[in-house]
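Everything below concerns the one structure shown next.
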2 protein chains.
Amino acid sequence: MNQQSGSVVDSQAPEKRADKHVSLQTVERLSAYRRVLEELDRDGVDYVHSHRLAALVGVTPAQLRRDLSSFGSFGNISRGYNVYQMGRTIGRIMGTDATQAVALFGVGDLGRALLSYRGFEERGFHIAATFDVDSEKVGRVFAGRRCYGLDALETVLAEFDVHMVVLASRPEGLQALVDRIAAAGVRAFLNFVPKRITTPADCFVENTDISAKLEKLSFLVRSAIGT
Amino acid sequence: MNQQSGSVVDSQAPEKRADKHVSLQTVERLSAYRRVLEELDRDGVDYVHSHRLAALVGVTPAQLRRDLSSFGSFGNISRGYNVYQMGRTIGRIMGTDATQAVALFGVGDLGRALLSYRGFEERGFHIAATFDVDSEKVGRVFAGRRCYGLDALETVLAEFDVHMVVLASRPEGLQALVDRIAAAGVRAFLNFVPKRITTPADCFVENTDISAKLEKLSFLVRSAIGT
DNA sequence: CCTGTACTGTGATTGTATTCACAGTAGCTC
DNA sequence: GAGCTACTGTGAATACAATCACAGTACAGG
Ligand SMILES: NC(=O)c1ccc[n+]([C@@H]2O[C@H](COP(=O)([O-])OP(=O)(O)OC[C@H]3O[C@@H](n4cnc5c(N)ncnc54)[C@H](O)[C@@H]3O)[C@@H](O)[C@H]2O)c1
Ligand SMILES: NC(=O)c1ccc[n+]([C@@H]2O[C@H](COP(=O)([O-])OP(=O)(O)OC[C@H]3O[C@@H](n4cnc5c(N)ncnc54)[C@H](O)[C@@H]3O)[C@@H](O)[C@H]2O)c1
């Protein structure tokens, strides 16, 4: 669960404190670094230089080094970065070194696709429980996870120690749902519903609007025609 | 449906030329503005001030006005912005005033969820054709759209006049697939596969990595604990 | 018709992210 | 073990985005 990296065993912690103020964009790139590092690890690569890693991720070497330097020094000056260790370190920074429980709201087409997706477990997220308002769905089990009604919300979130939720329900009543989830102590929301939500100040929201991405692409293609 | 606004009627085109260099973040916000404008329109609101619209979207009034000013002047100084007209204008800027054909690659769990999603049509995108390598799926019809094999790729993309694709296949062979799609003249890729792809310089790629979003949230929650 | 009000559009300013460029050094060569 | 090489980590410089603040103006009210 969310135990805090057990003992001192896997420490030799290279990261200083993360006090240097880390930008959000840096955090997003950390995920990409880790994904590539895991691939390299599978391929048996032990060390990698900033140039090579940056090329694989698609950023400049300077940016990669700057990003990492927000957390301290990892690199061996002439061998580069230790692939395995740096992957572990990024995991520790992001808190994905231990599996976290996540709850899903809305077991519709999208929700079921997310449920059957293996990629989350690989990155340390376990959808532990699902919720829906549809009485046909409540009580059933989807991809191994039970679907609860909203009346069990507080109980179930506490029981599974959920601190992050995925929203894939309908726009109607979404804000009320969010208020209730936040009141239950959840501070992170991944929202797929194309509707703005507001939360207490200590919460974090990530919106994913797929149509907006298509619109962005449409704009880019169109505006590049005259280029 | 997607007829093109008939004649000169709704013109009096307020936007200048889009030559002032528009930042990507501005474009992303345009989608959000349009979504709220449509809601206001449904509610029968005719005019809206920058303060109110900004509050609904969650940005500052200054930013909203700055974003719009990249495209020219729309606002009536004392009544504010005409809700209907500005929605239309943003649609025109983004090229979503007429429906565009999109192709989907990979009719798996995610692909089928996308196929059944009505939100795309509402925003001017029509998934016209799907592709898969699975011989069980090729030839079948999913949510009204036929699934083609990859051998028909060039023909079908041309037939439906596809200029944007959604990638929801497997990581294996993805780059080769992308190369072929790009060679067929497609310049916009919405990629759900957690694998970096490279394209010719005149193409645009939007990646959507859902796990990365969860990782970002995990980092934020964790790093805010000490705050 | 004139004055006051409250809005937009935008130059100027501030703040933030990225890139440059190099000091400092671990290891490799001879 | 001295010298060379090529790398990392980071201060300084640049580029970019957000915010401030106000000039200019359409309208309401009298
Ligand atoms: N399907 C997609 O590809 C896709 C893409 C982008 C965004 N979205 C958004 O994701 C959301 C879900 O999409 P979908 O296609 O799965 O829709 P869906 O209609 O198939 O499923 C929605 C599910 O949410 C449940 N629900 C409704 N209100 C709820 C509530 N208050 N609490 C818990 N559950 C509730 C419904 O009973 C239903 O089972 C929608 O808001 C949609 O706009 C979907
Ligand atoms: N399911 C999710 O919720 C989810 C979430 C995030 C990312 N993704 C990613 O989206 C992709 C699809 O996910 P999924 O759950 O639908 O997987 P899936 O295995 O259910 O479906 C993949 C489909 O793509 C087809 N395919 C494989 N190679 C292809 C090719 N070269 N051309 C065309 N079709 C091809 C397969 O035959 C299959 O039908 C995966 O890469 C996955 O990592 C999925």
Please give, in whole Å, the distance from [N] [atom2] to [X] [atom1]?
X: B:Ile77; N: C:dT10; atom1: CD1; atom2: P; answer: 10 Å
X: B:His49; N: C:dG9; atom1: NE2; atom2: C1'; answer: 15 Å
X: B:His51; N: C:dT8; atom1: NE2; atom2: P; answer: 7 Å
X: A:Tyr81; N: D:dG9; atom1: OH; atom2: C1'; answer: 8 Å
X: A:Arg79; N: D:dT5; atom1: CZ; atom2: C1'; answer: 17 Å
X: A:Asp67; N: C:dT16; atom1: CG; atom2: P; answer: 17 Å
X: B:Leu53; N: C:dC7; atom1: CG; atom2: P; answer: 14 Å
X: A:Gln63; N: C:dA17; atom1: CD; atom2: C1'; answer: 8 Å

Please determine if a side-chain N or O atom of [X] lies less than 4.0 Å away from the OP1 or OP2 oxygen of [N].
X: A:Ser50; N: D:dT8; value: yes
X: B:Ser78; N: C:dA6; value: no
X: B:Tyr47; N: D:dA26; value: no
X: B:Asn76; N: C:dT8; value: no
X: A:Arg65; N: C:dC22; value: no

A:Gln63-A:Asp67 side chain donor-acceptor pair, cut-off 3.5 Å | no

Hey, is the main chain of B:Ser211 close enough, under 3.5 Å, to the side chain of B:Lys216 for a donor-acceptor pair?
-> no

Just by modelled atom types, is the A:Gly95 backbone N or O under 3.5 Å from a matching donor or acceptor in the A:Gln100 side chain?
-> yes

If you only use heavy atoms from C-beta on, which nucleotide in [options] is closest to the side chain of [X]?
X: A:Ala62; options: C:dG27, C:dC20, C:dA26; value: C:dC20
X: B:Gln25; options: D:dA18, C:dC7, D:dT8; value: D:dA18
X: A:Ser69; options: D:dA26, C:dA26, D:dG9; value: D:dG9

Taking 4.0 angstrom as the limit, do B:Glu39 and A:Lys195 come out as a salt bridge?
-> yes

Go through the N and O atoms of the side chain of B:Arg66 and the base of D:dT19, and report whether any donor-acceptor pair is under 3.5 Å.
-> yes

Using a 4.0 Å heavy-atom cut-off across all strands, classify B:Arg29 as base, sugar-phosphate, or nothing.
-> sugar-phosphate

Mind checking whether B:Phe219 and A:Phe71 have parallel, tilted or perpendicular rings, split at 30° and 60°?
-> perpendicular

